[in-house]
Amino acid sequence: MKISLLTFGTRGDVHPFIALGAGLVARGHEVALATSADFREMVEKAGLNFREIPGSGKDYFATPAVVDSIRKSPSSIRTALKMPKPSLDEVVESMERMYEAGQDADFMLNALITRGVGYAGPGVPWGTVSWWPITATGEFRAYNTPDLPLGAPWTRFTHFMSAQMEWQWNRPAVNRFRKRRGLPALGMASPAARLGTDQPILYPYSPSFMPPPRDWPQRAHVTGYWTLDRTTEPPADLVEFLDSGPAPVVLALGSAWPVYGERTLELVRDAVRKAKRRLVVVGGPEGDLPDDEFRTGEVDYGWLFPRAAAVIHGASFGTTADVLRAGVPQVTVPCWADGPYWAARLAALGVSAPPVPFQKLTGGALTQAVAQAVDEPGIAERAARLGELVRADRGVETACDLIEQWGEARPA
């Protein structure tokens with residue numbers, strides 16, 4: 001089969017698609033991945049054909065207005081309003097490039113920012129991916145919606161409301177592109193309501209972490225996380241540091257470091273010292289290091305996290321997956337978007353201390369959370385058990401099985 005994968009954003013949006021693409025290539029399929037030029041080398045190194053989508057998604061936190069917005073509120077809507085916005089013509093041109101990337105494919109799979117090309121009528125069978133649940137259910141409310149005690153009717157309404165909000169964001173560009181191709185405009189009702197029924201939707205997280213609701217449609221699938229094991233050697237001086245003492249706490253805030261800044265690092269240092277632990281910092285502000293601290297650049301989380309006493313992170317989708325697989329305790333400091341959503345889920349499962357929201361971050365709250373994560377045996381035991389289940393998932397293989405089934409059936 002010829003398969004076209006479309007995604008856009010930061011590394012967390014792209015890396016799972018690379019893992020999936022590598023799995024499909026290993027089965028003999030021809031795979032093209034369309035994304036920004038930021039990730040060309042990574043895509044091609046995995047054996048995939050690269051197709052460029054204009055723009056860059058890796059510098060979300062490079063705009064001072066965006067950083068200031070997140071420091072005030074975790075709202076992704078508020079932050080989106082502060083981000084530099086492409087013109088409608090630029091969005092339509094990007095959709096044209098996505099459309100071209102899928103034209104010789106037997107099946108096309110898109111994601112949040114690239115989903116509009118599916119609504120626009122790509123001309124080939126397609127499905128989509130979501131990092132958090134968007135399929136309507138009566139079991140839990142939609143992501144980023146109010147928690148009101150109104151039962152299943154309200155819960156289902158939150159999913160309708162969320163789908164409508166996404167559609168209002170996408171509709172102008174989708175209909176402009178459809179008009180360019182001679183197709184009729186789509187109306188006010190969100191086509192997202194049919195995802196999982198008309199088009200398949202994949203959720204690349206673990207069913208042990210977030211089980212699929214019993215009332216989801218047949219084409220909505222929770223596969224397990226999509227991971228690609230690296231073969232790079234860890235830095236020798238980091239290995240030496242780890243081997244020279246007890247397991248440290250790891251601080252990994254990824255691309256959101258500009259939001260967290262020096263103050264967060266100082267509060268973490270103080271909390272970790274009070275817990276009588278050493279600290280490994282991945283990325284972050286430069287500066288002189290004390291003897292009980294090590295700073296490293298990009299490193300394989302799959303290698304590092306299992307060696308940690310606990311991991312402090314922002315609860316982004318990708319880092320959450322890596323810590324869950326490692327099976328170690330967690331401390332979450334969510335700052336925006338889906339961070340609060342996943343942080344709440346981790347705490348509910350008892351594998352992390354209660355979240356410490358960045359906008360309310362204090363030294364006392366962080367010290368208490370770190371102490372709880374490293375000293376409470378129950379958290380470590382639950383994290384280890386969940387880690388075993390997550391590692392047992394066949395996320396990439398399950399997704400490949402489904403794509404092959406859909407390709408053979410040639411769904412409309």
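- The line from CG of L24 to CG of L48 is 8.5 Å long, rounded to the nearest 0.5 Å.
- With sequence neighbours excluded, the residues satisfying salt bridge (charged side-chain N to carboxylate O under 4.0 Å, His left out) with D147 are R141.
- With respect to R180 and E96, a salt bridge is recorded, a charged nitrogen being found less than 4.0 Å from a carboxylate O.
- Partners of W154 according to the ring-ring contact (aromatic ring centres under 6.0 Å, His included) rule, which considers only residues two or more places apart in sequence or in another chain, are F157.
- Scanning for side-chain hydrogen bond (donor to acceptor under 3.5 Å, both in side chains) contacts around R176 gives D89, with sequence neighbours left out.
- Residues meeting the salt bridge (charged side-chain N to carboxylate O under 4.0 Å, His left out) test with E52, sequence neighbours left out: none.
- Remark: W169 CH2 to L112 CG distance equals 11.0 Å, nearest 0.5 Å.
- Salt-bridge formation is detected for the pair E376/R382: a Lys NZ or Arg NE/NH1/NH2 atom is positioned less than 4.0 Å from an Asp or Glu carboxylate oxygen.
- Within 6.0 Å of atom CE in M210, more than 12 heavy atoms from other residues, nucleotides or ligands are found, so the atom counts as buried in its surroundings.
- The list of side chain to side chain donor-acceptor pair (under 3.5 Å) pairs with a residue in residues 271-281, not counting sequence neighbours, reads S244-R278, D270-K274, R273-D292.
- Not counting sequence neighbours, the partners of Y205 by the ring-ring contact (aromatic ring centres under 6.0 Å, His included) test are Y203, W342.
- A side-chain donor-acceptor contact under 3.5 Å links H29 to the backbone of M1.
- The existence of a salt bridge linking R325 and E388 is excluded, since no basic side-chain nitrogen approaches an acidic carboxylate oxygen closer than 4.0 Å.
- Between I201 and I134 there is a side-chain heavy-atom pair separated by less than 4.5 Å.
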Donor-acceptor list for residues 347-362 side chains, cut-off 3.5 Å, not counting sequence neighbours:
unit_1 : atom_1 : unit_2 : atom_2 : d
S352   : OG     : A347   : N      : 3.4
Q359   : NE2    : I70    : O      : 2.5
Q359   : NE2    : C335   : O      : 2.8
T362   : OG1    : A365   : N      : 3.1

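- Rounded to the nearest 0.5 angstrom, T227 OG1 and R391 CZ are separated by 11.5 Å.
- Not counting sequence neighbours, the partners of T319 by the side-chain hydrogen bond (donor to acceptor under 3.5 Å, both in side chains) test are S316.
- Partners of E381 by salt bridge (charged side-chain N to carboxylate O under 4.0 Å, His left out), not counting sequence neighbours: none found.
- Between the side chain of S190 and the main chain of A163, a donor-acceptor pair closer than 3.5 Å is present.
- Not counting sequence neighbours, R295 has no partner by the salt bridge (charged side-chain N to carboxylate O under 4.0 Å, His left out) test.
- E293 pairs by the side-chain hydrogen bond (donor to acceptor under 3.5 Å, both in side chains) definition with R269, not counting sequence neighbours.
- Taken from OH in Y99 to CE in M108, the straight-line distance is 10.5 Å, to the nearest 0.5 Å.
- Residues satisfying the ring-ring contact (aromatic ring centres under 6.0 Å, His included) criterion with W132, sequence neighbours excluded, are Y143.
- Side chains of E90 and M95 form no contact here, defined as non-hydrogen atoms less than 4.5 Å apart.
- Under 4.0 Å is where a charged nitrogen must lie from a carboxylate oxygen, and between R97 and E93 no such pair does.
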